[in-house]
Colleague: 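This structure is in structure tokens; I'll ask about it shortly.
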Amino acid sequence: MTTEESAQHDLEPAVAVVGMSGRFPGAPDLDTYWANLRDGVCSLSAFTEKELLADGADPAELRNPAYVPAQGHLADADRFEAELFGFNRTEAAALDPQHRVLLETAWSALEDAGYAPLNAPSRTGVYVGGSPTEHALAAGTDPALAASIGALQVRILTDREFLAPWISYRLGLDGPSMTVQTACSTSLTAVHLAVQALLLGECDTALAGGVAIGTVRRQGYVHYQGGIFSPDGRCRPFDEKAAGTVPGSGVGVLVLRRLEDALADGDPVRAVIRGTAVTNDGAGKVGFTAPGVDQQTAAITEAWAAAGLEPSAAQYVEAHGTGTELGDRIELEAASAAFTAGAGPDGSVAIALGSVKSNIGHADAAAGAAALIKTVLMLEHATLAPTVDVTSPVAALADSPLRLVTETRPWPRRPDLPRLAGVTSVGIGGTNVHVVVQEAPARGPRAEAGAHPTVLPLSARTEPQLALVASRLAARLREADAPALADVAHTLRTGRVGMPVRAYVVAAGAQEASDRLMALAEGHPDSVRDPSGEVWLRGEEVAWSALDGEVRRVRLPAYPFAGESHGALTLRGPAAQEPAESAAPPPGSELEAEVAGLVVEALDLDGPAGLEKTYFEAGGDSLTAVHLAGRLRDELDIDVPIQLFLEPITLKEMTIRIVEIKEGGGADGALDALLAEFEAES
């Protein structure tokens with residue numbers, strides 16, 4: 001079968017990208033990310049001395065002539081809508097910013113796919129990884145934090161080992177849950193593992209990606225001659241002046257499903273993954289941190305073989321492209337060997353080349369996700385985005401099938417061939433990954449339906465967020481490619497989590513719906529009443545009336561998170577946010593006040609009023625129960641039966657019972673064994 005026939009042939013087995021979400025330097029969402037890429041924007045930040053000092057920089061370090069005040073900085077990485085994910089303020093402050101941002105991004109990715117994050121398909125797996133963080137290191141070396149919430153809780157809330165399990169737990173996802181670590185190639189390796197799991201039937205839907213937030217602080221780095229970092233705060237992949245990379249932060253998550261399932265279920269397919277491969281350099285390189293040629297070539301050729309295609313079918317390659325002299329030279333040599341294979345009789349093939357690191361820096365564990373998402377966006381827009389800050393492409397490109405893209409230009413199809421791209425990621429330690437991506441199959445036109453009044457339900461946690469939901473949806477419905485109203489209604493009804501603050505509008509067409517949504521956003525609720533809509537407002541289960549035609553999921557604006565800053569732990573300088581002082585315990589006996597104080601602190605209550613809740617209503621869980629029981633034993637010499645925390649009584653009543661245990665000499669002999677078990681695990 002020829003390359004052309006294979007590309008047009010039945011795409012199965014293949015995997016569809018049905019949803020994506022990400023945040024990168026200069027881009028709080030993927031619409032902004034694409035605009036920056038398309039317009040050739042370098043989103044690396046250059047900080048002032050005042051900004052660096054305000055975030056805790058060492059003044060002596062700033063005076064070092066080799067200090068470079070630049071970074072791919074992720075704004076607002078300390079913000080988190082903790083309540084939405086079931087964390088109290090104490091837990092949210094201890095939770096690593098990587099975990100916080102990844103949780104929100106996973107939520108948004110599922111919404112982008114048209115699935116309600118708390119009602120995702122069964123057997124949804126999670127494959128993600130992260131980078132080392134200042135917050136985790138500071139938390140692990142802070143004895144006061146361990147004394148406050150427990151050493152095991154500190155580890156669970158900060159260790160990147162638990163990135164995947166937290167997503168599975170908080171979103172109720174019951175497929176495989178794996179935290180992946182292959183250094184700089186982590187997130188693309190996660191995609192490879194997710195693709196393999198889908199094709200093997202280990203899960204039916206998968207979240208895959210990665211996060212890298214080494215610090216939420218604005219900070220630069222010291223350039224060392226011969227090191228990997230750039231001397232001027234700019235990254236120039238495959239340029240004669242390339243002298244190093246720039247550290248960056250970011251997060252990216254993709255929702256993947258088998259293509260046949262995605263098409264059958266009416267999912268919004270954004271691209272198709274045709275093949276993936278992973279190799280390791282082994283000992284075939286000059287040093288542990290150095291890349292190797294042969295196995296990078298092997299990763300590329302194996303991925304294209306898995307896709308049933310020749311590498312020469314590629315029209316674009318998104319390279320790892322760190323902008324280091326050694327890394328770029330070896331990657332270009334490996335890619336040239338792979339993509340020349342299978343070329344025509346005259347050896348001619350011209351493949352566009354680029355690297356997103358020139359725009360956002362090296363996002364470490366999230367770098368592969370950033371590259372893959374960029375490639376999917378280029379496929380969707382049929383546009384090649386430029387590699388920025390490049391003025392003199394390396395001479396070796398002249399003898400290569402690859403041509404560096406330095407200006408935005410259309411991405412035409414080859415005759416009888418869909419748009420195809422390869423994405424490469426390379427990790428320190430030698431793990432090489434390559435993914436073959438194809439443009440999404442055309443989505444057939446939706447059958448025309450009559451203009452019938454349709455209920456569009458909306459919800460959020462707060463009134464301002466509800467206004468944002470309404471205004472963003474109104475803007476989407478005014479766009480030229482606005483989806484059919486029935487599909488919008490279907491996605492809102494089945495692909496969003498119902499929240500406390502609710503509203504709805506009734507409209508018969510996109511323009512009318514947009515007008516009514518804008519009025520709602522401006523504080524003027526829809527005057528048209530609908531029985532199903534009224535049931536929605538009351539928070540009850542709604543039996544929605546059938547919609548016209550065969551409905552399908554469509555991409556709509558995601559939930560607008562509005563969490564407060566929960567700060568981040570730091571190893572030097574002022575903390576990003578001082579912890580709130582514990583509320584004073586309620587009056588009563590001295591012992592009762594001491595017990596209440598421990599309860600208030602452990603559950604981060606707002607004061608005595610919080611003691612009117614039950615333990616679980618106040619956000620308690622089994623780990624907190626064990627920790628609180630341990631503190632009661634160690635600090636007040638009270639052995640509390642662990643079952644007491646499970647009883648449906650208020651915390652005030654529980655406090656009184658604990659005092660009675662002390663005064664009556666009650667104890668639970670099993671508690672010591674339970675505490676010892678948890679302490680041994682930590």
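For the numbers below, each heavy atom of this structure counts, side chains included, while hydrogens, waters and symmetry mates do not.
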Colleague: Do Ser131 and Val211 have side chains that get closer than 4.5 Å, going by heavy atoms?
Modeller: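 Contact flag for Ser131/Val211 side chains = no.
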Colleague: Are Asp364 and Pro132 close enough that some pair of their side-chain heavy atoms sits under 4.5 Å apart?
Modeller: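 Result yes, sub-4.5 Å side-chain heavy-atom pair found.
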Colleague: May I have all residue pairs that pass salt bridge (charged side-chain N to carboxylate O under 4.0 Å, His left out) and include part of residues 162-183, sequence neighbours excluded?
Modeller: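 Qualifying pairs, neighbours excluded: none.
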Colleague: Take Tyr221 and Gln71 through the test side chain to side chain contact (heavy atoms under 4.5 Å, CB included) and record every step on the way to the result.
Modeller: CA-CA 8 Å; Tyr221 57 89; Gln71 183 192 50; over 6 Å; no
Colleague: Between Arg23 and Asp29, is any pair of side-chain heavy atoms under 4.5 Å apart?
Modeller: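 Contact flag for Arg23/Asp29 side chains = no.
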Colleague: Go through the steps for Phe645 and Phe616 under the test ring pair (Phe, Tyr, Trp, His ring centres under 6.0 Å), then give the verdict.
Modeller: CA-CA 8 Å; Phe645 298 98; Phe616 288 107; 9.1 Å; no
Colleague: Provide the full list of salt bridge (charged side-chain N to carboxylate O under 4.0 Å, His left out) pairs with a residue in residues 116-128, sequence neighbours left out, each pair given once.
Modeller: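 Residue pairs with at least one partner in residues 116-128: Arg123-Asp204.
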Colleague: Between Arg633 and Val640, is there a donor-acceptor pair closer than 3.5 Å when you use the side chain of the first and the backbone of the second?
Modeller: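 Looks like no, no N/O pair under 3.5 Å.
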Colleague: So, Glu134 and Arg217, do they make that salt bridge, N to O below 4.0 Å?
Modeller: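 So Glu134 pairs with Arg217 through a salt bridge.
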Colleague: Can we say Glu81 and Arg461 salt-bridge, meaning some charged N sits less than 4.0 Å from an Asp/Glu carboxylate O?
Modeller: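 Yes.
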Colleague: Just to verify, what does Ala370 make a side-chain contact (heavy atoms from CB on, under 4.5 Å) with, not counting sequence neighbours?
Modeller: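 Scan of Ala370 (side-chain contact (heavy atoms from CB on, under 4.5 Å), adjacent residues dropped) gives Phe24, Tyr33, Val356, Ile360.
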Colleague: Which one of Arg496, Arg555, Arg553 satisfies the salt bridge (Lys or Arg N to Asp or Glu O under 4.0 Å) criterion with Asp112?
Modeller: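 Only match with Asp112 under salt bridge (Lys or Arg N to Asp or Glu O under 4.0 Å): Arg555.
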Colleague: Quick one: are His99 and Leu163 in side-chain contact, heavy atoms under 4.5 Å?
Modeller: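 Yes - at least one pair of side-chain heavy atoms lies under 4.5 Å apart.
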Colleague: I'd like to know whether Phe85 forms a ring pair (Phe, Tyr, Trp, His ring centres under 6.0 Å) with Trp107, so could you lay out the CA-CA distance, the side-chain angles of the two residues, the decisive distance to 0.1 Å, and finally the verdict.
Modeller: CA-CA 10 Å; Phe85 294 93; Trp107 179 290; 5.5 Å; yes
Colleague: Counting C-beta onward and ignoring hydrogens, is there a side-chain heavy-atom pair between Val18 and Asp265 closer than 4.5 Å?
Modeller: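 They are not in side-chain contact.
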Colleague: Under the side-chain contact (heavy atoms from CB on, under 4.5 Å) rule, collect the residues that match up with Ser108, sequence neighbours excluded.
Modeller: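 With neighbours one apart ignored, the set is Ser21, Ala558, Phe561.
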Colleague: Quick one: side chains of residues 499-506, donor-acceptor pairs under 3.5 Å with protein atoms, not counting sequence neighbours, listed by atom name and distance.
Modeller:
unit_1	atom_1	unit_2	atom_2	d
Arg502	NE	Met499	O	2.9
Arg502	NH1	Trp536	O	3.0
Tyr504	OH	Asp530	N	2.9
Tyr504	OH	Glu534	OE2	2.6

Colleague: Report yes if some heavy atom in the side chain of Val180 is under 4.5 Å from a heavy atom in the side chain of Val128; otherwise report no.
Modeller: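 In short, these two side chains do not touch, never coming nearer than 4.5 Å.
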Colleague: If the condition is side-chain hydrogen bond (donor to acceptor under 3.5 Å, both in side chains), which residues does Thr205 pass it with, not counting sequence neighbours?
Modeller: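 Applying side-chain hydrogen bond (donor to acceptor under 3.5 Å, both in side chains) to Thr205 gives Arg257.
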